[in-house]
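The residues of the chain are indexed from 1 along the displayed sequence.
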Amino acid sequence: MLHPRARTMLTLSAPAILIGVAASLLMLLILKVAALLQALLWRVLPATLGISDTASWWAVIILTLAGVATGLVIRYAPGHAGPDPATEPLIGAPLPLYSLPGLGLALVICLAGGVSLGPEHPIMAINIALAVSLGARIMPKVNGLDWTILAAAGTIGALFGTPVAAALIFSQTLYDSKDTPLWDRLFAPLMAAAAGALTTQMFVTPHFALPVAPYTKMQLLDIVSGSIVAIIAIAVGMVGVWVLPRLHHMLHQLRHPVLILGAGGLLLGLLACTGGDITLFRGLEQMRELAQNPALGPDDFLRFALVKLAALVVATASGFRGGRIFPAVFIGASLGLMLHAHVPAVPAAITLSCAVLGMVLVVSRDGWLSLFMAAAVVPNLNLLPLLCIIMLPAWLLLAGKPLLAIVRR
């Protein structure tokens, strides 16, 4: 009774749901372990030793030790804890299974130690490797690319708590056949993403939205204002793009990963002395602190944005295992709050969403992901036409420009 296309989709539906659930549970487990270690390092241990929570030198010690520990893992773990995320796309080729324990340990150290990176790249790599390996054993007729897509979709859904981001990202890559409709190819990945998102929501609810005044009606002047905001964010982000390969080359003159990451951790600790605790970690929880603290002014927001950008560049250049999207959202949000504080006539909804759009575009060069993150930070349907228009000059400005990544030679 079912069309062959429907039978194909049905065959992959059960594995897609299982992969989505497993991707979310594994992500939650890693984040929970990292949170427990973070509490030990940043609250329990200082309190036990009688150290003040505001002691900036403690951050220098912890981040330097986090760099040394990560360097030891990369040097001695099988597979060297996977490839350097600075040289890899978000969705890459499957890693060998023996490299996954080291990669997971390096990620936990990064998240707990306060490094300015998110969890997305290592978690994506772990889930893809497991899905491809297990899928080849259970359903050998399904090719590895399909397992990679399902694992990536499930992970994206789990990370953001919604399948929308996965649907947007894969809509531009899966439609390569005139005979197979796009939604046929999206069916299984969307189920994996939905299963991952629902599983995440059963335990935690990812909060990206910031409390800003509602944006009720678009005006022509808002397009100009939003474009200027996006261009400013892109200009700031491109400074990091220019610095990254030079700093990467400089740090890697040290040769040994313990020395490279130890030096990187020390630099991150010194940056934390300038930016404070709010510029540490992946930035999601800290981003809400920015918007809810009435004592902060435009100079504070600019300082946080620049320090976070510097920390992101240092962490990426050093080889810490982590992703760059979450810190980019923090930088964009901080820039957006700074611009609104300087020009209150421009609604905060515009400055926030357009700054996040520009910064994520610099880091990911993915239009759909940039639009999604901007809409997630300021969830307002009235903003979507504005963001789509502003995306055009922003995309033209970045066309042909390098990414915030290291190009292998």
Side-chain angles (χ1 to χ4, degrees), residues 6 8-36 90-91 104 107 111 118-135 138-139 142 146-174 182-210 282 284-285 287-288 323 325-326 329 360 364 366 368-369 371-381 384:
T8 300
M9 289 185 283
L10 186 61
T11 300
L12 286 176
S13 60
I17 293 173
L18 292 175
I19 286 174
V21 172
S24 175
L25 291 176
L26 184 57
M27 180 199 74
L28 292 171
L29 175 62
I30 291 175
L31 293 180
K32 183 63 176 178
V33 172
L36 292 173
L90 179 60
I91 302 172
L107 173 59
L111 295 176
E120 58 273 17
H121 185 279
I123 287 177
M124 183 76 72
I126 291 170
N127 285 335
I128 288 174
L130 290 173
V132 171
S133 177
L134 294 175
I138 298 171
M139 298 178 67
V142 179
D146 287 332
W147 294 122
T148 297
I149 291 171
L150 292 180
T155 305
I156 292 171
L159 282 166
F160 300 116
T162 172
V164 174
L168 292 173
I169 292 171
F170 284 108
S171 66
Q172 64 187 350
T173 58
L174 293 182
L182 172 62
W183 275 98
D184 281 21
R185 297 179 65 82
L186 271 178
F187 182 82
L190 196 56
M191 291 193 71
L198 289 173
T199 304
T200 296
Q201 291 177 11
M202 290 175 62
F203 297 93
V204 297
T205 302
H207 290 291
F208 293 94
L210 297 181
R282 57 177 175 168
L284 182 57
E285 295 80 8
M287 183 175 67
R288 290 194 292 273
I325 295 173
F326 285 89
V329 174
V360 176
S364 69
D366 189 309
W368 285 124
L369 181 60
L371 280 171
F372 170 79
M373 295 310 307
V377 171
V378 187
N380 190 319
L381 290 177
L384 283 178

(request) May I have the step-by-step check of side chain to side chain contact (heavy atoms under 4.5 Å, CB included) for Ile156 and Met124, ending in yes or no? (result) CA-CA 8 Å; Ile156 292 171; Met124 183 76 72; 3.6 Å; yes
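Shown here for Ala376 and Pro379, the closest heavy-atom pair between the two residues is O-CD, 3.6 Å. Among all heavy-atom pairs drawn from Phe208 and Leu159, the shortest one is CZ-O, 4.4 Å. Considering all non-hydrogen atoms of both residues, Met373 and Phe160 come closest at SD-CE2, 3.6 Å. Between Gly154 and Ala23, the shortest heavy-atom contact is C-CB, 4.0 Å. The nearest pair of heavy atoms linking Ala194 to Pro163 is N-CB, 3.7 Å. Nearest heavy-atom pair, Ile128 versus Ala151, reported as atom, atom and distance to 0.1 Å: CA-CB, 3.7 Å.
Annotation: side chain of Leu90 is in contact with side chain of Ile325 (closest heavy-atom distance under 4.5 Å). At a threshold of 4.5 Å between non-hydrogen side-chain atoms, the residues Pro119 and Leu111 count as touching. Counting heavy atoms from C-beta on, the side chains of Val132 and Thr148 come closer than 4.5 Å. For the pair Leu31 and Val204, the minimum side-chain heavy-atom distance is 4.5 Å or more. Contact annotation: the side chain of Met27 approaches that of Thr200 to within less than 4.5 Å [non-hydrogen atoms, C-beta and beyond]. Looking at heavy atoms from C-beta onward, Leu371 lies in side-chain contact with Trp368 at the 4.5 angstrom threshold.
A distance of 7.5 Å separates OG1 of Thr162 from CD of Gln201, quoted to the nearest 0.5 Å. For the atom pair CG of Asn127 and CD1 of Ile30, the computed distance is 7.5 Å after rounding to the nearest 0.5 Å. Residue Glu120 holds its CD atom at 9.5 Å from CG of Leu107, rounded to the nearest 0.5 Å.
Partners of Thr199 by side chain to side chain contact (heavy atoms under 4.5 Å, CB included), not counting sequence neighbours, listed by chain and number: Val21, Ser24, Leu25, Phe203. Listed by chain and number, the residues in a side chain to side chain contact (heavy atoms under 4.5 Å, CB included) with Met139 are Thr11, Pro15, Val142, Trp147 (sequence neighbours excluded).
Put simply, the residue from Ile123, Ile126, Thr155 that forms a side chain to side chain contact (heavy atoms under 4.5 Å, CB included) with Leu26 is Ile126.
Side-chain atoms of Ser133 do not come within 3.5 Å of backbone N or O of Ala129 as any donor-acceptor pair.
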